[in-house]
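Letters A, B, ... are given to chains in the order of the sequence lines, protein chains preceding strands, and every chain is numbered from 1.
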Amino acid sequence: MVGDEHVEMIPSPAKSVWSAEVNGTPVEVLIPSNAVLLDVLRDKVGTLGVKRGCDLGTCGCCTVMIDGVPRLSCLCLAGQVDSTSITTVEGLADGAHLAPIQACFGKYGGSQCGFCTPGFLISAQALLNENNTPSDSEIACAIEGNLCRCTGYQQIIESIQGAAAIHRGEVPLPAAASDPHPDPHPEGPDEPNMPPGHAR
Amino acid sequence: MSGGYRQQPGASGGTTRKDGKRVAGKQAFPPPGSGGSNPKMKPRDLDYIPESVGGKEPQPAGSHIHDRARTGTTVGKGIPLVDSNAKVTGQAWYGDDVRLPNEIIGKILRSPHHYAKIKSIDTSKVEALPGVLAVATGADSPHRFGVLPVTKDEHAMAVEKVRHVGDLVACVAAIDEATAMEALNLFEIEWEVLEPIFDPKKGLEDTDEPIHWRGKYHLSKTNVQKRVFQEFGDRSLVEKPHAESHGKWTMAGVHHGFTEPHAVVAHWDPNGRLQLYTPQQVPHYTHRALSTVLDVPMHQINVIRTFVGGGFGGKSDPFPHEMCAALLARKSGRPVRITFDREEVYWINRGRHPSHIEVKMTADDEARISGFDIDALIDGGGFASFGHVTSYYNGVLATAPYELGSFHYTGARVWTNKPASGAMRGHGAVNTRCAVEVGLDEMAESMQVDPIDLRLANLLPPHSRTISGFRITSNGMREALEKVREGSNWDEKFRKLPLGKGIGIGCGFFISGSGLPIHWDPNRFPHATVHIQVDMDGGVTVHTGAADIGQGSTTAVAQVVSEVLALPIEMVHVRSHESDTSPVDLGSYSSRVTFMNANAAIRAALEIREQILNAAWEILGYHPDNLVLNDRRIYYKHDPAIGVSYLKALHKAQEDKGSLIASGAYRSPPMGGVHKGAAAGLAPAYSFSSYVAEVDVDVETGIIRCTNVWAAHDCGKALNPLAVKGQIIGSCHMGLGQVLSEKMVYGRTGHLQNANLLEYKIPSVHEMPHVEPIIVESCDPEGPFGAKEAGEGPLLPILPAVVNAVYDAIGIRLRNLPLTPDVVFKGIERAVKKAKIDDPVDLPCPRLTHGPMQSVLVSRAQEHKLRDKARQRTEDTSPYVNGVLFGFDPTKPLEDQVEGWRTATEPNPEQLAELGLAGRAWLKKEQRQMGGEN
């Protein structure tokens with residue numbers, strides 16, 4: 001950033017076709033050989049849910065799952081992960097359905113400003129895929145590479161525990177969303193929901 | 001049927017994988033139109049309707065003016081943030097996520113020198129580089145801007161001189177990032193390097209080349225940006241103290257550490273209007289500054305606030321890079337995006353001021369606090385930013401929650417050649433509060449009393465006035481102290497734990513909204529305005545300028561509107577991103593949003609509610625007083641079967657005029673004194689908090705580990721307890737960082753050495769203690785449904801609680817923040833040498849045997865508890881001002897009762913000799929008094 005003398009730019013790196021399966025969809029893009037995975041995902045693939053916080057592997061906002069393993073996309077050359085399967089935060093929800101971890105981050109307050117949330121979700125989902133009975137300290141170890149400045153982590157741990165309970169099948173999905181009203185009635189009720197014996 | 005949105009068959013219960021692991025099913029998004037789609041009306045939720053209007057919600061602090069507007073819909077319920085689905089799906093759009101067609105990339109050239117004059121800038125080589133589309137320098141933006149109208153000292157890019165390493169010199173826009181980076185190397189600049197200063201103490205002295213020049217208002221030839229002197233009360237009380245404490249503190253500068261780096265996108269649309277996308281806490285200031293710098297009227301600028309990836313005060317200034325993007329976009333005719341890397345975030349800074357603070361305090365023979373004497377020298381860095389206000393806050397926010405015999409404050413903020421300090425969560429109050437609370441702990445020790453009892457016996461009651469004239473309304477301080485004492489099992493632990501384990505207390509006091517809107521007269525314009533529009537579909541659109549920075553202000557506004565109109569929250573849509581569609585709002589600072597914006601929203605919603613109820617009156621024939629508004633239905637209160645749906649009533653109301661529109665505003669009541677600086681720290685309500693922290697200190701390494709925190713915060717009324725708890729825990733996290741590990745390190749050469757998140761040590765999940773958030777509800781009479789702030793105040797008590805706990809653990813008072821292991825270890829080394837022992841594990845541990853004063857305090861606290869309860873519930877409405885504890889009559893001016901009682905904003909000549917470090921700024925004269933430049 002700061003320099004007195006002019007450094008000649010290195011010649012443009014060679015470009016090649018990079019392919020991967022991003023969130024279940026095959027992707028092929030033309031990238032320079034020195035492209036960083038984070039840049040490819042944000043600028044070429046268009047998964048802007050992968051966030052750039054520091055470029056140095058210190059904040060964890062850019063965490064993505066590569067073949068099921070959470071990795072920092074800012075420290076990863078795209079060429080290294082050619083032909084892999086990559087999951088970003090956009091790949092957690094299945095069409096119109098939120099994953100339990102996503103629903104729980106809302107329900108337990110695991111997300112405030114939301115910038116670090118995509119990274120946390122990926123780290124947490126990777127943990128839950130392997131271990132659906134994590135202890136608090138196992139969760140802490142799984143998210144130690146992710147920095148959150150808003151929540152103080154406590155509600156994030158509660159969110160992950162909540163999602164783990166859903167994964168174990170102990171707790172049903174939150175009722176409001178798992179039972180969408182079959183007959184939308186946006187004009188509002190005409191009849192009150194009265195106790196029995198009170199009807200006119 | 002909306003089949004496409006039903007649960008996938010078999011998915012809801014989860015499935016078992018081949019390897020035997022259970023995989024949970026996915027949860028559905030809400031289907032379209034699901035808001036209010038339940039064909040049945042929900043019964044009234046009496047648990048969330050206050051007692052005063054026939055519900056079951058207990059009201060220990062008394063009833064509230066907004067009780068009548070409660071419908072039991074959302075207020076008081078811990079619901080998810082309304083934008084949480086956008087955040088968990090990655091669809092929330094932050095600054096760098098705005099990608100406009102045909103965009104180009106902007107980069108900023110930053111100063112390599114701490115302090116230098118720019119003799120010339122040659123941009124010819126830059127312009128010649130293929131791919132470069134626009135170049136701008138300070139010459140393109142001669143107009144000054146700044147946060148406060150009185151301290152406009154910034155330019156988009158340096159004009160004449162640079163003031164710190166990283167100061168903006170020029171900017172360039174090119175077809176891609178690589179070309180823009182390459183172009184930065186081609187600027188040819190001739191510098192004349194000047195002698196920089198880094199030590200704020202040197203800033204008090206005259207110099208050849210002050211960093212800024214304020215003309216006739218400049219203080220001699222120093223680098224003092226602002227000096228403050230305030231003295232209230234009877235100074236003779238401090239002359240024969242029964243107990244005293246004296247401490248000199250050094251506090252390092254800390255940074256907000258938000259995870260989203262600054263980013264901005266500027267685009268001049270085909271009609272010549274500027275569309276500027278920026279993650280801002282205070283879009284309105286940016287709007288004003290852009291207008292000044294670009295010489296374009298405000299109505300030709302649309303500031304679009306993106307989602308904000310954390311602010312904490314660090315995104316509340318109008319920033320020079322926002323001007324740069326607009327200039328480059330105007331020159332190139334294409335949208336320009338500038339995104340900072342993490343290092344640049346530290347160069348723009350605006351974090352908490354590095355401070356030298358000295359606190360002296362005294363108590364009289366009845367253990368009343370007879371005097372606070374505070375001196376704060378704060379290091380402002382290269383620009384004023386919010387510093388004018390910070391200079392006041394360092395003193396005046398220490399005038400409560402205790403009743404004081406006298407108060408004396410001298411403060412000075414100086415310019416140095418470092419990145420500018422500014423506003424950060426707990427603005428200006430944090431460092432002094434820490435020093436004051438530790439001082440109280442020390443005084444309690446010398447009087448042999450429990451520090452909690454000392455506090456309980458010296459609190460200002462609800463509905464009183466502080467020594468500086470602030471109006472205290474609701475006050476939950478006593479309850480907060482009692483709750484943490486009980487929760488932490490304080491009486492069994494304090495001064496009884498073994499060496500290396502300690503427990504400590506700290507309190508906090510913070511404003512809930514600044515009483516003075518900086519840019520206009522509060523008597524002419526409101527602080528906040530909210531518009532509500534209800535169209536034929538029944539959905540409610542709320543327009544507000546309040547910036548949601550993750551604290552949940554959008555949710556709070558949606559909640560209060562949903563509460564007043566008794567509609568499911570899904571039917572309320574908050575539009576707060578664009579200045580084109582939002583009424584002017586001062587933005588998210590000084591913890592004003594919940595208080596002011598929600599108040600404005602309630603007013604607007606009440607207007608809509610009245611129109612709908614009147615329509616129902618026409619249909620049903622019952623006066624609105626006899627109608628109940630509940631979940632999308634209005635019915636006769638004695639027979640719920642007689643009623644009309646919300647939509648039918650709405651359509652009736654719309655018959656003549658179409659969609660219903662209402663505007664609500666909030667204005668603070670007139671308050672405060674008339675002395676200079678009386679408006680600083682003035683707020684319509686104040687929050688109170690009290691924390692107990694438990695720490696482990698390793699006496700052989702100096703490593704401190706905070707293990708437990710009991711955190712009680714009086715937020716008036718928790719509109720959303722889930723969000724309030726999140727704010728409390730998050731505040732603990734940020735405060736713990738400041739007290740234990742975070743520090744902006746400026747080396748011997750004045751260079752910032754840790755401008756990254758690896759060496760700037762924000763606590764990770766492993767450093768977080770268990771925090772027990774305790775919500776205290778004092779029901780503020782003017783707050784929305786009784787609410788006050790919960791975003792900043794909870795940060796204050798954690799610092800002194802930890803410092804006091806460290807003393808309890810190892811018997812050493814440390815006054816050099818952060819308490820990194822090296823600082824603690826040096827303290828232990830000194831203590832070991834002084835105690836003439838070989839091994840630190842033999843260090844003596846402080847113990848407490850109650851002295852005679854203890855019983856006096858306990859009985860006084862008992863009396864005051866009854867007094868406070870009566871005042872809180874307005875059973876006792878007699879006037880109370882600071883000084884009653886010292887035997888004065890609250891109905892007469894104190895100046896008439898006590899000979900020495902004074903309110904002063906300038907020192908007496910005889911005081912000049914004994915002023916503290918920052919007070920020395922008063923030895924200098926302003927240029928106009930020196931007959932200098934006009």
Scored by heavy-atom pairs under 4.5 Å with chain A, the best of B:V771, B:I728, B:V765 is B:V765
Note: A:G53 and B:P261 closest approach over all heavy atoms is O-CG, 3.5 Å
To the nearest 0.5 Å, atom CG of A:L56 lies from atom CG of B:L757 at 8.0 Å
Among residues 135-161 of chain A, those lying within the under-4.5 Å heavy-atom range of chain B are A:A140, A:C141, A:I143, A:E144, A:L147, A:C148, A:R149, A:C150, A:T151, A:G152, A:Y153, A:Q154, A:Q155, A:I157
Applying a strict 4.5 Å limit to non-hydrogen atoms, the region of B:K725 in contact with chain A is both
Assert top hit (heavy-atom pairs under 4.5 Å, partner chain A, pool B:G257, B:G539, B:G552, B:G78) equals B:G257
Can A:K51 and B:D96 be counted as an ion pair, charged N to O under 4.0 angstrom?
no
Honestly, the part of B:I549 sitting under 4.5 Å from a heavy atom of chain A is backbone
Nearest heavy-atom contact between B:Y94 and A:F115 is OH-N, 3.3 Å
In terms of heavy-atom pairs under 4.5 Å with chain B, the winner among A:S111, A:G60, A:G106, A:G49 is A:G106
Closest non-hydrogen contact found for B:L722 with A:G109 is CD2-N, 3.9 Å
Practice item. Might you work through the side-chain contact (heavy atoms from CB on, under 4.5 Å) test for B:R342 and A:D55, ending with a clear yes or no? Key: CA-CA 8 Å; B:R342 183 52 64 174; A:D55 276 321; over 6 Å; no
Looking only at B:L758, B:I762, B:N630, the option with the highest number of non-hydrogen pairs under 4.5 Å against chain A is B:I762
Quick one: does B:K87's side chain get under 4.5 Å of A:Q112's, heavy atoms only?
-> no
Minimal heavy-atom distance between A:L121 and B:V88, with the atoms involved, is CD1-O, 3.2 Å
Whatever's closer than 4.5 Å to a heavy atom in chain A on B:Q727 counts as both
Assert top hit (heavy-atom pairs under 4.5 Å, partner chain A, pool B:K125, B:H256, B:E188) equals B:H256
Looking at A:R42 and B:D97, is there a salt bridge between them, counting it only when a charged N and a carboxylate O are closer than 4.0 Å? yes
Okay, B:P769 and chain A: the region with an atom under 4.5 Å from a heavy atom over there is backbone
Heaviest contributor of heavy-atom pairs below 4.5 Å to chain A, chosen from B:G311, B:P763, B:G737, is B:P763
Honestly, the part of B:F340 sitting under 4.5 Å from a heavy atom of chain A is neither
Turns out that what part of A:Y108 lies under 4.5 Å from chain B's heavy atoms comes down to backbone
So, the part of B:V308 with a heavy atom under 4.5 Å from chain A: the answer is backbone
So, the part of A:C61 with a heavy atom under 4.5 Å from chain B: the answer is side chain
Turns out that what part of B:H770 lies under 4.5 Å from chain A's heavy atoms comes down to both
Under 4.5 Å to a heavy atom of chain A? For B:M734 that would be both
Max heavy-atom pairs within cutoff under 4.5 Å with chain A, candidates B:E177, B:M768, B:E767, B:H766, goes to B:H766
